[in-house]
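For clarity, every value in this text was computed on a predicted model and none was experimentally measured. So that the names make sense, note that chain A is the first sequence line, chain B the second, and so on, each numbered from 1.
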2 protein chains.
Amino acid sequence: MEAIDTRTRILDTAQDLIQRLGANAMSYQHISDAVGIRKASIHHHFASKDDLIEALIRRYAGYFGGLVEEIVKADLSAPEKLRRYCGLFEGTLRQGSHDRACPCAMLGAELATLGSAAAGLIREFYRDNEKRLARILAQGRQERSLSFAGSPAATAALIFALLEGGMLVVRVNGGAKQFRAITEQMIALVGS
Amino acid sequence: MEAIDTRTRILDTAQDLIQRLGANAMSYQHISDAVGIRKASIHHHFASKDDLIEALIRRYAGYFGGLVEEIVKADLSAPEKLRRYCGLFEGTLRQGSHDRACPCAMLGAELATLGSAAAGLIREFYRDNEKRLARILAQGRQERSLSFAGSPAATAALIFALLEGGMLVVRVNGGAKQFRAITEQMIALVGS
DNA sequence: GTCTATAATTGGATAGAC
DNA sequence: GTCTATCCAATTATAGAC
């Protein structure tokens, strides 16, 4: 039973704030209050706010990318993989009491205010997701379990925009329940 | 040739900042610099930042709602109406040199940081758009020019999430061109 | 309606003791 | 690694002169 180290608790708190409020509404003071250490101590772990955001994206991209890669590589039908991929986003939304968006969705919306390193990582996250999604769609077309007009890449761009953008939109009305309805509707549209 | 009044110039500048950077990165100082008046003078027109944001949403909802209503009421096929509706979003994205999201998309992402009046107006904007979109889809189903699984309302929720959320997502990679590809892909999916 | 001046708070960040 | 103390800039907002 090891205690969670401070660096991790800072990252956890910062991520939670970003998922709910966005990076521009997240402050060292918020983190200080939540973690129970002084603002100056946070600077020991992350010299600047940009550094903190950058580390946070790297961690999240690794975590989420791993989950997606598991789904892509699994021995499952393409529709089932697609359903599970959508489930990852819905699961994020259902974390905790308030709807939480993907950190990279919030940061994507705030892209113009990010440092260049963080912005680059966000772009990479989006590209990686579209690529993995395209592999699922290509499998579905090959095994005739999915049917859609256009290329897997183009359809992947559509689905990723719907999922990543939809997380932000559904928090305004309907929340996770609405998100579920939308993803099911989408799966019906590309179903064979 | 009447000069644009200060109130309007403040609203224009604030809206532009929100579309590019978000409400939490927009400040009275930014507006002061762009409009060429002092910060204190802005408070004469809008007592608080919340008031400014609220007025800005009201104005935009009226403007955009009018454009949508024109499309909905026009004597056009449903696919053509849908294409023009998507065109409104793409047009916003193409305003100016940088990609600009719908102000209500940015504010929707930042919903948890808004005052309750502004948050209510954003919810209303989203609901109104879904309703009008559902009317287009219902027309398309009736005249057999569109074909989709599920109700017009459910499909409207999907399409609105794709458009409003997609505006934020495509700015990360691809921009307006990517947005166009996505909307065309979507229209192909619901095409008859 | 706009200005100067200023308040009051919060933001990110640093220096140096422990 | 955390603390106190402090700095400096930015933020929203108000008071009162012009």
Side-chain angles (χ1 to χ4, degrees), chain A residues 2-57 59 103 106-107 110-119, chain B residues 2-57 59 103 106-107 110-119:
Chain A
E2 187 164 346
I4 301 167
D5 74 355
T6 305
R7 187 190 151 90
T8 302
R9 293 203 296 150
I10 292 169
L11 285 172
D12 288 347
T13 304
Q15 182 177 314
D16 179 62
L17 287 165
I18 288 174
Q19 291 186 264
R20 290 188 296 113
L21 310 176
N24 291 319
M26 177 267 284
S27 73
Y28 274 42
Q29 189 58 59
H30 279 128
I31 298 170
S32 165
D33 295 340
V35 174
I37 56 168
R38 297 287 167 174
K39 279 195 297 174
S41 306
I42 303 172
H43 282 282
H44 171 75
H45 298 277
F46 304 97
S48 73
K49 194 176 170 179
D50 277 351
D51 290 335
L52 169 54
I53 291 172
E54 196 185 322
L56 183 151
I57 301 171
R59 187 182 73 150
M106 294 299 283
L107 295 169
E110 294 176 304
L111 192 78
T113 71
L114 297 181
S116 59
Chain B
E2 189 165 345
I4 301 168
D5 73 354
T6 305
R7 187 189 152 91
T8 301
R9 291 204 296 150
I10 293 170
L11 285 171
D12 288 347
T13 303
Q15 181 177 315
D16 179 62
L17 287 164
I18 288 175
Q19 291 184 264
R20 290 188 294 114
L21 311 175
N24 291 319
M26 177 266 285
S27 73
Y28 274 42
Q29 188 60 58
H30 279 127
I31 298 170
S32 165
D33 294 341
V35 175
I37 55 168
R38 295 289 165 173
K39 282 192 293 175
S41 306
I42 303 171
H43 282 281
H44 171 76
H45 298 277
F46 304 98
S48 74
K49 195 177 170 178
D50 277 352
D51 291 335
L52 170 55
I53 291 172
E54 197 187 321
L56 182 151
I57 302 171
R59 187 182 74 151
M106 294 300 282
L107 294 169
E110 295 175 304
L111 193 78
T113 70
L114 297 182
S116 58

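Side-chain atoms of A:K39 come within donor-acceptor range of the base of C:dG12, with a qualifying N/O pair under 3.5 Å.
For B:F46 and D:dT12, the CZ to P distance is 15 Å, given to the nearest whole Å. Atom-to-atom, CD1 of B:I31 to P of C:dT2 comes out at 14 Å; the value is rounded to the nearest Å. Remark: C1' of C:dG1 and CD1 of B:I10 are 10 Å apart, rounded to the nearest angstrom. To the nearest angstrom, P of C:dT6 lies 22 Å from OH of B:Y28. Following rounding to the nearest Å, B:I37 (CD1) and C:dC3 (P) show an atom-to-atom distance of 6 Å. Distance CD (B:Q29) to C1' (C:dG11): 15 Å, rounded to an integer number of Å. Remark: C1' of D:dA13 and CZ of B:R38 are 16 Å apart, rounded to the nearest angstrom. A:H45 places its NE2 atom 17 Å from the P atom of C:dG12, with the value rounded to the nearest Å.
Rounding to the nearest 0.5 Å gives a distance of 6.5 Å between CD1 of A:I18 and CG of A:L52.
Here the options are A:R20, A:Q15, A:Q19, the test is side-chain contact (heavy atoms from CB on, under 4.5 Å), and the partner is A:L17; only A:R20 passes. Under the side-chain contact (heavy atoms from CB on, under 4.5 Å) test applied with A:I10, the options A:D5, A:L56, A:I42 reduce to a single match, A:I42.
The shortest distance between the side-chain N/O atoms of A:H44 and the OP1/OP2 oxygens of D:dT2 is not below 4.0 Å. A close approach under 4.0 Å does not occur between any side-chain nitrogen or oxygen of A:H43 and OP1 or OP2 of C:dA15. Look at A:H30 and you won't find any side-chain N or O under 4.0 angstrom from OP1 or OP2 of C:dT10. Remark: B:S27 is not in phosphate contact with D:dA10, judged by side-chain N or O atoms under 4.0 Å from OP1 or OP2. A:T6 has no side-chain polar atom (N or O) that falls below the 4.0 Å cut-off from OP1 or OP2 of D:dG1.
In this structure, B:Y28 contributes its side chain and B:S48 its backbone to a donor-acceptor pair below 3.5 Å. Judged purely by atom type and a 3.5 angstrom limit, B:E110 has no side-chain atom pairing as donor or acceptor with the backbone of B:G22.
Side chain of A:K49, nearest nucleotide from C:dC3, D:dT12, C:dG12: C:dG12.
Within the nucleic acid shown, B:S41 comes within 4.0 Å of at least one base atom, counting heavy atoms only.
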